[in-house]
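Taking it in order: structure first as structure tokens, then the write-up.
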Amino acid sequence: MSSRLIGVGVGPGDPELVTVKGVHALRAADVVVVPVMDTGERGRAEATVLHYVPEDKVVRVVFALNERTDRARREAAWDAAGERVARLLRDAGSVAFATIGDPNVYSTFTYLAQTIVELVPGTVVETVPGITAMQDLAARSGAVLTEGTEPLTLVPVTAGAAVLKDALAGPGTVVAYKFGRRAGEVAEALRETGRLQDAVWGSALGLPEESIRPAADLDGAPLPYLSTLIAPARRDGSRGGKL
């Protein structure tokens with residue numbers, strides 16, 4: 001039988017937001033891999049997974065999750081992580097990789113799957129979708145993501161503030177991911193484009209340290225790295241006005 005690698009989205013952090021299909025996939029796998037930056041860390045994905053599978057089934061694999069400057073170090077870390085998961089696949093046959101959010105949205109799983117296909121030819125790669133941070137923040141804050149014909153733009157602020165400004169200048173809702181360390185630049189971009197008033201940001205969604213605030217409260221101080229921002233489209237308040 002072919003080895004199976006399943007990327008399972010486990011949501012933003014609230015264990016109640018893991019889908020039924022996701023829980024089934026985690027429990028059916030021989031091993032559940034969770035990405036960490038060091039072996040002593042219990043990350044958000046692992047904390048969520050442990051609500052559904054026993055600890056002895058979970059394996060931490062170190063990834064260079066935030067390495068952006070040293071390409072050689074990043075590539076070496078990816079190779080080592082890929083080799084570790086490849087060994088698990090050869091021994092166990094079925095490995096689930098738990099990732100926060102969705103495995104097809106800015107996920108570590110994408111890069112891992114590319115590596116595994118080369119290391120273990122014939123591996124079947126599957127994904128189970130997960131609830132994203134923007135969906136959870138919209139639900140918790142009351143922000144409507146889209147109406148009628150409005151576009152929705154998702155921007156990782158790690159790409160730079162200029163990319164965010166271009167999106168904010170457009171007509172639709174803009175969601176910004178990973179903006180915590182550049183909160184000051186984000187606040188400035190919102191002010192310059194007239195999008196500050198209705199915008200909202202959140203971090204640690206579904207966790208005890210959860211914070212959800214109006215973007216107008218941004219004072220330039222750094223926020224948690226995985227903070228999420230929603231800047232809703234400009235609307236006139238009429239029902240169905242953009243149908």
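Quick caveat: nothing in here was measured; it's all calculated off a predicted structure. For the single chain, residues carry numbers from 1 onward in sequence order.
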Criterion salt bridge (Lys or Arg N to Asp or Glu O under 4.0 Å) on Lys165 and Glu185, from CA distance to verdict: CA-CA 10 Å; Lys165 286 183 181 179; Glu185 296 174 64; over 6 Å; no

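- Side chain of Arg4 to main chain of Val124: no donor-acceptor pair is present (N/O by atom type, distance under 3.5 Å, no hydrogens or angles).
- Atom CG in Leu152 sits 6.5 Å away from atom OG1 in Thr146 (nearest 0.5 Å).
- Residue pairs meeting the side-chain hydrogen bond (donor to acceptor under 3.5 Å, both in side chains) criterion with at least one partner in residues 81-99, sequence neighbours excluded, are Thr99-Ser107.
- When every heavy atom of Leu164 is checked against every heavy atom of Ala176, the shortest pair comes out as CD1-CB, 4.2 Å.
- Shortest non-hydrogen contact noted between Gly82 and Leu112 is CA-CD1, 4.1 Å.
- Considering only heavy atoms from C-beta on, Leu88 comes within 4.5 Å of Val59 through its side chain.
- What you find for Thr48 and Pro15 is that their closest heavy atoms are CG2-CA, 3.9 Å.
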CA sep, side-chain torsions, deciding dist, call: Arg44, Leu207, side chain to side chain contact (heavy atoms under 4.5 Å, CB included): CA-CA 9 Å; Arg44 196 178 302 185; Leu207 302 175; 3.8 Å; yes

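- The shortest distance between side-chain heavy atoms of Trp201 and Thr228 does not fall below 4.5 Å.
- Note on Phe109: it does not cluster hydrophobically with Val105, by side-chain heavy-atom contacts below 4.5 Å among ILVMFWY residues.
- Although no hydrogens or angles enter the test, the distance criterion places no donor-acceptor pair under 3.5 Å between the side chain of Thr127 and the main chain of Pro129.
- Within the structure, side-chain hydrogen bond (donor to acceptor under 3.5 Å, both in side chains) contacts touching residues 7-30 (residues at least two apart or in different chains) are Asp14-Arg140.
- A heavy-atom distance below 4.5 Å is not found between the side chains of Thr153 and Val175.
- Within the model, atoms CG of Leu226 and OG of Ser203 stand 9.0 Å from one another, a figure rounded to the nearest 0.5 Å.
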Verdict with supporting geometry, Asp102 and Thr132, side-chain hydrogen bond (donor to acceptor under 3.5 Å, both in side chains): CA-CA 6 Å; Asp102 182 277; Thr132 61; over 6 Å; no

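- Smallest separation of non-hydrogen atoms from Ala113 and Leu5: CA-CD2, 4.2 Å.
- The shortest distance between side-chain heavy atoms of Lys178 and Thr158 falls below 4.5 Å.
- In this structure a side-chain-to-backbone donor-acceptor pair under 3.5 Å is missing from Thr123 to Ser3.
- Met134 and Ile131 are assigned to two separate hydrophobic clusters, defined by single-linkage of ILVMFWY side chains at heavy-atom distances under 4.5 Å.
- Counting heavy atoms from C-beta on, the side chains of Ile116 and Val125 never come closer than 4.5 Å.
- Transitive grouping of hydrophobic side chains (ILVMFWY, heavy atoms separated by less than 4.5 Å) brings Val128 and Val10 into a common cluster.
- Aromatic ring centroids of Phe97 and Tyr111 lie 6.0 Å or more apart.
- When all heavy atoms of Ala25 and Val8 are compared, the pair lying nearest together is CB-CG2, 3.9 Å.
- Counting heavy-atom neighbours within 6.0 Å of Gln197 CD, excluding the residue itself, gives a total of 12 or less.
- Residue Val18 is grouped with residue Ile6 when hydrophobic side chains (ILVMFWY) are merged at heavy-atom distances under 4.5 angstrom, including chains of intermediate members.
- Separation of atoms OH (Tyr225) and OH (Tyr177) is listed at 12.5 Å; rounding is to 0.5 Å.
- Two residues are said to be in side-chain contact when any heavy atoms from C-beta on lie closer than 4.5 Å; Val31 and Lys57 fail this criterion.
- One finds the CD1 atom of Ile212 at 11.0 Å from the OG atom of Ser227 (value rounded to the nearest 0.5 Å).
- For Glu118, the CD atom sits in a loose shell: 12 or fewer heavy atoms of surrounding residues, nucleotides or ligands are nearer than 6.0 Å.
- Using a 4.5 Å cut-off between side-chain heavy atoms of Ile, Leu, Val, Met, Phe, Trp and Tyr, with links allowed through other members, Phe179 and Leu190 fall into the same hydrophobic cluster.
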Side chain to side chain contact (heavy atoms under 4.5 Å, CB included) between Val36 and Val61, intermediate numbers included: CA-CA 6 Å; Val36 295; Val61 175; over 6 Å; no

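- Although no hydrogens or angles enter the test, the distance criterion places no donor-acceptor pair under 3.5 Å between the side chain of Glu46 and the main chain of Arg42.
- Checked by atom type and distance alone, the side chain of Arg195 pairs as donor or acceptor with a backbone atom of Pro232 at under 3.5 Å.
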Worked check of side chain to side chain contact (heavy atoms under 4.5 Å, CB included) between Val200 and Arg213: CA-CA 6 Å; Val200 62; Arg213 303 285 297 278; over 6 Å; no

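- In this structure, Ala45 and Ile100 approach most closely via the heavy-atom pair N-CG2, 3.7 Å.
- To the nearest 0.5 Å, the span separating CG on Leu229 from CG on Leu137 amounts to 8.0 Å.
- Ionic pairing of Glu150 and Arg234 is not present here: no N-O contact between side-chain nitrogen and carboxylate oxygen is shorter than 4.0 angstrom.
- Remark: the backbone N or O of Leu145 is paired with a side-chain donor or acceptor of Thr173 at under 3.5 angstrom.
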